[in-house]
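Throughout, a chain's letter reflects where its sequence line sits, starting with A, and its residues are numbered from 1. Quantities reported herein were computed from a predicted structural model and do not represent experimental measurements.
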There are 2 protein chains.
Amino acid sequence: VTTLEPLDHGGFAVELDPDWGIADRPNGGSLLAMLGRAATAVGSHDHVLAASAHFVRSPGAGPATVSTELLRSGRSVDQVRCRLRQAGDVCVEAVITVGQLDGDADPHWSGGVPDPATTGHDDAVRILGPTPSGMDVPLLRQVDLRLDPSSLGFAGGRPTGRGELRGWLSLPEGAPFDPCSLLFAVDAFPPATFDVAPSGWVPTLELTAYVRALPAPGPVRVLHRAHMISGDLVDESCHVWDTRGRLVAQSTQLAGIRLS
Amino acid sequence: VTTLEPLDHGGFAVELDPDWGIADRPNGGSLLAMLGRAATAVGSHDHVLAASAHFVRSPGAGPATVSTELLRSGRSVDQVRCRLRQAGDVCVEAVITVGQLDGDADPHWSGGVPDPATTGHDDAVRILGPTPSGMDVPLLRQVDLRLDPSSLGFAGGRPTGRGELRGWLSLPEGAPFDPCSLLFAVDAFPPATFDVAPSGWVPTLELTAYVRALPAPGPVRVLHRAHMISGDLVDESCHVWDTRGRLVAQSTQLAGIRLS
C-alpha cells in the first residue's frame, strides 16, 4: 500500500496515507506493515517471521521516514531494528526478524489454537463504520472487512460481553496477502473490547505479530479477542487463517482503554 | 539478581552470571529482566508494562554492556530502547514501555484467560534438571521451580502431548517478585514443547511480556503452553498469577525447535 523511497543515508521516505487510518491517524498495523517491508528490503531473507513494535507517538498523514539497522544477518534469519519518524520525532520503534517460510509446510503439532469457525465470507456483513463513539474509519472504505453476524452486537449498542470479533478481511481489489500485509491484518479489526463495552479509540502501546505460514490467495479469516481489562489497559490477541484453514499469523497487543 | 553499574556515556555495565542459565548460556528472561531494570532507571516511571525483545546472539557468562535510549518520556509512560552488547556484538535488542501499576486495582473485565488451577505449592515437585537431552540447568539451583505432578510426564520420557507445563516459581530466599523479575518469570520454565516431544534446547527468537499487576509477596503460579510447531518454529505463551490468584504477567514467544 505504500512505496518505500530509498534515501541517501540508507533509510526510506514514506508518505502516510490518511485513507489507511482511523479518523485522521494511520492505523498501527499499516505502519508495522511498512516497517516490515523496510526490514525485508535491508536483509537477505524474504519473509517477516516476528515483528514487535512500541507505538511512541501517533503520526499524522503526510511525509515520514523509516530508518533501519541490520543487527545481524544470519544464515537462517536477519534481525533488523526499524524506526518510523515524523518531523524528527520517533513515532514507532520496532524490531523485526526476517527469515524464510516454506509455502507447503504443514504444522507438525498444534494445541490450544482457537477454532477458526466463522460464518462463510458471503454471509458475513461488511462494516464501514463509524465507531460506536462516532469516529470515521476511512480504512474500512479501503479494505473489505466483514463480521460474522454473531459479532455485530456492538454495532447496534448490544455487545455480547465475550470480547470477541470474528470475520473476514480482504485487501483492495482482492490483492493476495503476503507476510507484510499480514502484519496489517492482525491490527485491522475494530477493538475487540467493542464487544465488551463502548469506548473511544483504543490506542495500541505494543503490538507483536508472528507470521506462521505463507497465505493462500483470497480473503483471510480473523479472530480478534480481548482478554483482560485492568487499570486502563487491555490485552488483545488476534489469529488469522487463510482460505485453506491454515493459521498464517497471530498477534498480541497491549492497548490503552477508557471505558465510558 | 544483577547490579547495573552506570557508565560515563549513560549506559550500564553488567556481569552475566552463568548460574542464571542453561548449560553455559544466560537464560533469555534473566536478560530481559536486566534490560527492564535499565529501562526503569532511565525513565521517570516505576513499573515495566510491556517489554519486547529479539534475541540476536546468545551471550556467554561475563561482562557485557546495556545501552538505553529514551524514545519518549510522557506523563503516563516512558518508552525506552535497550540493547545488550557483549564484546561489541548486539545480543538482545528490546523496546520497553514503563508506567505505573496500581497495586490495588482489580481487573475490570476478563474473558478467555486460562484457568490458573495448579496443585498446591507443597504438593508440586521441585525440578533440578538436567533436560531430557542431558543439558545441565544451573538456573534450577538458583530458583525453586516446582511442577504439578500432571506436568512431570516429560521428565520420565512420557510427555502428555498437551504441550502444557503448570507449576510454581520462587526467587532465591523467597524474595518477592516485582515487575522486572516477572520478566524473568515468564521465561523461567522449561520449554512447554518438552510436554509434546523431546528436543534439544529451544532458543527464543522473540519474547514479549506484559506486566498486568503488582504481585503479592510469595511464589507465583505459572502456566506455560506451546501452541503450534511448524517449520522449526514454535510459539509459546506463559501466564503468571500471584498468591492472591491475580494475573500479574503474560507473555508470548517465538522460538526455534528441532524435534529429534
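Within the 4.5 angstrom heavy-atom criterion, no atom of A/Asp102 approaches chain B. Only the side chain of A/Val196 comes within contact range of chain B, with heavy atoms under 4.5 Å apart. Within the 4.5 angstrom heavy-atom criterion, only side-chain atoms of A/Gln79, from C-beta onward, approach chain B. Contacts of A/Val56 with chain B are made by both backbone and side-chain atoms, with heavy-atom separations under 4.5 Å. Of the two parts of A/Leu101, neither the backbone nor the side chain holds a non-hydrogen atom closer than 4.5 Å to a non-hydrogen atom of chain B. A/Gln100 does not touch chain B: none of its heavy atoms, backbone or side chain, sits under 4.5 Å away. For A/Arg162, the part lying near chain B is the backbone, with the side chain staying farther off; criterion is any non-hydrogen pair under 4.5 Å.
Atom CZ of A/Arg244 has more than 12 neighbouring heavy atoms from other residues, nucleotides or ligands inside a 6.0 Å radius.
Contact count versus chain A (heavy atoms, under 4.5 Å) is highest, among B/Glu93, B/Gln250, B/His108, B/His227, for B/His227. The greatest number of non-hydrogen atom pairs below 4.5 Å with chain B, out of A/Val90, A/Thr208, A/Thr193, is found for A/Thr208. Ranking A/Leu247, A/Asp235, A/Val113, A/Leu205 against chain B, the residue ahead of the rest is A/Asp235, based on heavy-atom pairs under 4.5 Å. Of all the listed residues (A/Ala226, A/Ala197, A/Gly112, A/Gly231), the one sharing the greatest number of non-hydrogen pairs under 4.5 Å with chain B is A/Ala226. Most heavy-atom pairs under 4.5 Å with chain B, from the set A/Arg212, A/Glu164, A/Arg57: that is A/Arg212.
Residues A/Glu69 and A/Arg83 are not paired through a salt bridge, judged by the lack of any N-O separation under 4.0 Å between the basic side chain and the carboxylate. Salt-bridge formation is not detected for the pair B/Asp115/B/Arg166: no Lys NZ or Arg NE/NH1/NH2 atom is positioned less than 4.0 Å from an Asp or Glu carboxylate oxygen. Between B/Asp232 and B/Arg258 there is a salt bridge, since at least one side-chain N of the basic residue sits less than 4.0 Å from a carboxylate O of the acidic one. Classification of A/Arg246 and A/Asp106 as a salt-bridged pair holds, one side-chain N sitting under 4.0 Å from a carboxylate O. A/Arg72 has no carboxylate O lying under 4.0 Å from a charged side-chain N of B/Asp89, or vice versa, which leaves the two without a salt bridge. Ion pair B/Asp242/B/Arg221 not flagged as a salt bridge, since none of the NZ, NE, NH1 or NH2 atoms sits closer than 4.0 Å to an Asp/Glu carboxylate oxygen.
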Check against side-chain hydrogen bond (donor to acceptor under 3.5 Å, both in side chains), B/Ser73 and B/Asp78: CA-CA 4 Å; B/Ser73 183; B/Asp78 301 315; 2.9 Å; yes
